[in-house]
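Worksheet for the structure shown next.
Residues take their numbers from the sequence shown, with the count starting at 1.
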Amino acid sequence: MAIRKVGVLTAGGDSPGLNAAIRAFGKAAIGYGWEVVGYRDGFRGIAEDRRVKLSKATLSGILTVGGTVLGTSRDKPHRMPIDGETRDMTDQIVANYRKAGLDALVCIGGGGTAKNALRLSKAGLDVITLPKTIDFDLAGTDATIGFATALEIATDAIDRLHSTAHSHHRIIVAEIMGHGAGWLTLGSGLAGGADVILIPEIPYTVATVADAINRRVRAGTNFSIVAVAEGARSVEDARALAAAEARLDAAGERTAKDAARSEIELLELQHTGNTLRLAHQLEQLTGLESRVSILGYVQRGGTPSPLDRLLATLVGTAAADLVAARTFGVMVAARGDSTEAVPLNEVAGRRHTVPPDHPWIAAARHVRTCLGDEAP
Ligand code: F6P
C-alpha cells in the first residue's frame with residue numbers, strides 16, 4: 001500500500017537543530033506527496049493525540065530557530081504520569097497512530113528516544129529515529145544534532161572566562177553539560193585551551209588537579225580554567241556509583257533492585273553541588289581565589305550552527321527516503337559525510353562515551369592539560 005500520511009515528534013531535551021530536522025523531513029515528505037502531522041511535546045503528544053498538520057507554510061522560516069516548534073518532553077510511552085498516576089500508554093499510542101491513519105512515525109531524539117521508539121516498533125508501529133543530543137552520547141552514529149552548536153557555545157564561554165581568570169588571577173571552574181559523557185567538556189576544553197579537563201570517563205583526584213594548578217603558579221601563571229563535566233566524579237565517588245550500579249545489575253528480586261536504585265538516587269543527589277565543592281577545595285589547596293560558572297541551558301539554546309543544520313537536513317531527508325523504501329525500526333545515523341540506517345536494537349540501551357584511547361585524550365595529554373588523573 002502506498003504511503004499517504006506520516007507523523008513526526010521531538011523527544012528528550014531540546015537542542016539546536018531540531019527544527020531544521022523537522023523541516024527537512026517535512027519538506028521531503030511533502031515532496032513525496034504525503035500528508036505530514038507533527039505531535040506536540042514528544043511521546044505525550046501522541047499518547048494524548050495532540051497533533052498539528054505541517055504544511056509548506058508551517059515548515060518555512062524555522063531552519064535557524066532554536067528549540068523545537070513542536071515542543072518536547074522526557075515522557076516515556078510505558079511510564080507516563082497521567083492524572084497523578086504512572087500509566088503504560090503504549091496501547092493508547094498505537095491506537096492514536098492508527099486513528100490518525102499514519103504510515104510511519106519519525107521520532108527525533110537521543111538514547112531515551114531510541115529505547116522508546118524500539119518499544120513502539122515492537123508494538124507494531126513503523127518507526128524511524130533521527131539522532132539528536134548535545135551530549136553526543138548516542139551509540140551507532142558519527143554525529144548527533146546539537147553537539148556542534150553546544151560545542152561552539154561551551155568553547156566561546158571558556159574563551160570569555162579567560163578574561164576574568166587572568167585579570168583577577170583566579171581559578172574559574174566551568175561546569176559543562178554532557179550527562180554521563182565527557183564529549184562536550186573534552187571538546188570545548190581542548191578547543192578553548194582549558195588547563196584542567198575533568199570528564200566522567202576519567203575519575204579525578206582533587207590533589208592532582210591542585211598540583212597542576214600550583215605547578216602553573218610556580219611557572220608564573222597565576223590563573224587556571226578548569227572545565228568540569230556535570231557527570232565528572234572523584235575516584236571515591238565514581239567507585240561508590242559503580243558499586244551501586246553493579247548491585248542494580250546483579251539484583252534479582254524487586255526489593256534488592258529498589259534498594260540499589262535508591263542508593264544510586266542518593267549518590268546522584270549528593271553529586272549536586274559537586275562543582276561548587278570542587279572550586280572550594282581548589283581554593284583551599286592552591287590559595288587562589290576560585291569562582292564557578294555553570295553554563296547550563298545556555299548550551300542548548302539559540303541558533304543551530306551550520307554543521308548542525310547540515311546534519312539535520314541530511315538525516316531528515318534520508319528519513320523520508322527510508323519511509324518511501326519502507327525501511328523501519330532504524331535510526332538514521334550520520335556516517336562519514338553520508339547517512340546509514342542502523343537497526344534500533346543496536347542503538348537502544350547502548351551509550352557512547354569517550355574511550356580512554358580516543359585521540360582527543362591523547363592530544364590533551366600532549367599539550368599538558370591535566371585530566372585529573374596521574375598521566376599514564
Ligand atoms: O541531554 C541533554 C542534557 O542537556 C544533558 O546534558 C543534561 O544532563 C540534561 O539534558 C538536562 O536535562 P533536563 O533538560 O531534563 O534538565
Side-chain angles (χ1 to χ4, degrees), residues 8-25 42 63 66-68 70 72 74 106-118 127-155 176-188 190-191 199-201 229-231 295 297 299-319 322 330-344 346-355 358 360:
V8 58
L9 60 82
T10 52
D14 69 288
S15 163
L18 280 173
N19 288 325
I22 296 167
R23 168 188 177 269
F25 172 68
L63 173 65
T68 159
L70 291 176
T72 186
R74 292 197 184 276
V106 169
C107 307
I108 314 174
T113 302
K115 277 197 212 168
N116 292 326
L118 179 61
V127 183
I128 292 177
T129 69
L130 302 187
K132 173 276 324 179
T133 162
I134 65 159
D135 305 330
F136 190 30
D137 60 350
L138 186 60
T141 179
D142 291 354
T144 57
I145 299 167
F147 178 69
T149 310
L151 184 63
E152 269 188 33
I153 297 169
T155 304
I176 295 164
M177 278 185 166
H179 204 222
W183 295 108
L184 200 51
T185 307
L186 181 58
S188 59
L190 262 182
I199 60 173
E201 294 84 348
E230 60 179 356
L295 305 191
Y297 298 93
Q299 294 159 101
R300 292 189 349 202
T303 308
S305 71
L307 277 179
D308 273 330
R309 295 181 211 175
L310 278 170
L311 174 62
T313 305
L314 212 65
V315 294
T317 52
L322 287 170
V330 295
M331 173 183 78
V332 186
R335 191 71 70 230
D337 50 17
S338 186
T339 64
E340 189 187 313
V342 179
L344 275 175
E346 290 176 19
V347 177
R350 281 179 56 212
R351 259 192 330 140
H352 171 235
T353 52
V354 182
H358 193 273
W360 287 4

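Put simply, the side chain of Glu201 does not reach to within 4.5 Å of the side chain of His358, judged on heavy atoms. When side chains are defined from C-beta on, Trp183 counts as touching Val354, because their heavy atoms get closer than 4.5 Å. Residues Lys115 and Thr129 fail the side-chain proximity criterion, which asks for heavy atoms closer than 4.5 Å. Ile22 is listed as a side-chain neighbour of Thr10, based on a closest heavy-atom distance under 4.5 Å. Residues Ile108 and Val8 form a side-chain contact, since some pair of their non-hydrogen atoms from C-beta on lies under 4.5 Å apart.
A donor-acceptor contact shorter than 3.5 Å links the side chain of Glu230 to the backbone of His179. When atom types are taken as modelled, the side chain of Thr185 and the backbone of Ile199 share no donor-acceptor pair closer than 3.5 angstrom. Although no hydrogens or angles enter the test, the distance criterion places no donor-acceptor pair under 3.5 Å between the side chain of His352 and the main chain of Gly140. A side-chain donor-acceptor contact under 3.5 Å links Ser15 to the backbone of Ile145. Of the possible donor and acceptor atoms, one in the side chain of Gln299 sits under 3.5 Å from a partner among the backbone N and O of Met177. Under a 3.5 Å cut-off, the side chain of Asp308 and the backbone N or O of Gly146 do form a donor-acceptor pair. Thr72 contributes a side-chain N or O that, together with a main-chain N or O of Gly12, makes up a donor-acceptor pair within less than 3.5 Å. In terms of modelled atom types and a separation under 3.5 Å, the side chain of Thr353 and the main chain of Ala181 share no donor-acceptor contact.
Taking OG1 from Thr68 and CG from Asp14, the interatomic distance works out to 8.5 Å, rounded to the nearest 0.5 Å. Atom CG of residue Leu18 and atom CG of residue Leu130 lie 9.5 Å apart, to the nearest 0.5 angstrom. In this structure, CG on Leu70 lies 7.5 Å from CG on Asn19, to the nearest 0.5 angstrom. Atoms OG1 and CD, from Thr141 and Glu340 in turn, are 9.0 Å apart once rounded to the nearest 0.5 Å. Interatomic distance, Leu184 CG to Leu151 CG, rounded to the nearest 0.5 Å: 6.0 Å. The distance from the OG1 atom of Thr144 to the CG atom of Leu311 is 7.5 Å, given to the nearest 0.5 Å.
Taking all atoms of both residues into account, the shortest heavy-atom contact from Gly301 to Pro16 is O-CG, 4.4 Å. Contact detail for Ala348 and Leu118: the closest heavy-atom pair is CB-CD2, 3.8 Å. Nearest heavy-atom pair, Ala24 versus Thr317, reported as atom, atom and distance to 0.1 Å: O-CG2, 3.9 Å. Scanning all heavy atoms of the two residues, the minimum distance from Ala333 to Val342 falls at CB-CG2, 3.6 Å. Summarising the geometry of Gly187 relative to Trp360, their closest heavy-atom pair is CA-CZ3, 3.7 Å, with the distance given to 0.1 Å. Residues Leu295 and Ala154 come closest through the heavy atom pair CD1-CA, 4.0 Å.
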### Query
So Met331 and Leu138, side-chain contact (heavy atoms from CB on, under 4.5 Å) or not? Walk me through it.
CA-CA 11 Å; Met331 173 183 78; Leu138 186 60; 3.8 Å; yes
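The side chain to side chain contact (heavy atoms under 4.5 Å, CB included) search around Arg23 returns Lys27, Ile62, Leu63, not counting sequence neighbours. Taking Thr113 as the reference, Ala11, Phe43, Cys107 meet the side chain to side chain contact (heavy atoms under 4.5 Å, CB included) condition, with sequence neighbours excluded.
Considering Val127, Ile128, Leu344 as possible partners of Val330, the one that fulfils the side chain to side chain contact (heavy atoms under 4.5 Å, CB included) test is Ile128.
More than 12 heavy atoms of other residues, nucleotides or ligands sit less than 6.0 Å from atom CZ of Arg335.
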